[in-house]
Amino acid sequence: LTYHPTTGQLEFDTTVAATEQPLALTLHRMDGDRVGPIVAHLAMRGQRAARGTVTLRGRDREDLVAGRLGARLFTERQPLGSPVVRVTAK
């Protein structure tokens with residue numbers, strides 16, 4: 001992930017292991033250790049690789065810098081989602 005603070009753009013380039021059947025890769029707001037609402041969809045069902053840019057606004061930018069965003073992968077084996085990986089910007 002690459003974050004551009006002047007534009008609020010978050011670039012991503014992801015790949016899911018061939019052993020998994022992806023359902024979604026999402027970026028969530030976090031409330032402590034609790035997973036909150038989805039901020040952005042990074043990959044959709046069946047996408048093993050995804051590359052793109054999402055533009056974060058207001059609170060989402062603040063949450064990214066403060067370490068309050070997390071990425072979560074949903075697969076056929078883990079339809080309720082994998083453990084969240086915190087996403088931070090420096």
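Owing to the predicted nature of the structure, the values given are computational and were not obtained by experimental measurement. Values below: every heavy atom of this structure, side chains too, minus hydrogens, waters and symmetry copies.
- In this structure, CG in L42 is found 11.5 Å from CG in D13, a value given to the nearest 0.5 Å.
- The environment of R51 atom CZ is sparse: at most 12 non-hydrogen atoms of other residues, nucleotides or ligands sit within 6.0 angstrom.
- Side chains of V87 and L27 form a contact here, defined as non-hydrogen atoms less than 4.5 Å apart.
- Here R48 contributes atom CZ and T15 contributes atom OG1; the two are 10.5 Å apart, rounded to the nearest 0.5 Å.
- Distance CZ/F74 to CG/L25: 9.0 Å, rounded to 0.5 Å.
- D63 is linked by a salt bridge (Lys or Arg N to Asp or Glu O under 4.0 Å) to R29, R59, R68, counting only residues two or more places apart in sequence or in another chain.
- The closest side-chain heavy-atom distance from R45 to P22 is not below 4.5 Å.
- Note: L23 CG to M44 CE = 12.0 Å, rounded to the nearest 0.5 Å.
- Taking a 6.0 Å sphere around CZ of R86, one finds it holds more than 12 heavy atoms contributed by other residues, nucleotides or ligands.
- At least one donor-acceptor pair under 3.5 Å links the side chain of H28 to the backbone N or O of G36.
- In this structure, R77 and Q21 have side chains that are not in contact, with every pair of non-hydrogen atoms separated by 4.5 Å or more.
- Here the side chains of R72 and V35 are in contact, with some heavy-atom distance below 4.5 Å.
- The shortest non-hydrogen separation linking A40 to V54 is CB-CG1, 4.1 Å.
- From L64, atom CG reaches atom CG of L69 across 5.0 Å, with rounding to the nearest 0.5 Å.
- Going from atom OG1 of T53 over to atom OH of Y3 covers 13.0 Å, rounded to the nearest 0.5 Å.
- H4 and T6 share no side-chain donor-acceptor pair at under 3.5 Å.
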Test log, rule side chain to side chain contact (heavy atoms under 4.5 Å, CB included), inputs V39 and L56: CA-CA 9 Å; V39 172; L56 302 177; 4.1 Å; yes
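- Taking the side chain as every heavy atom from C-beta outward, M30 and V84 approach each other to under 4.5 Å.
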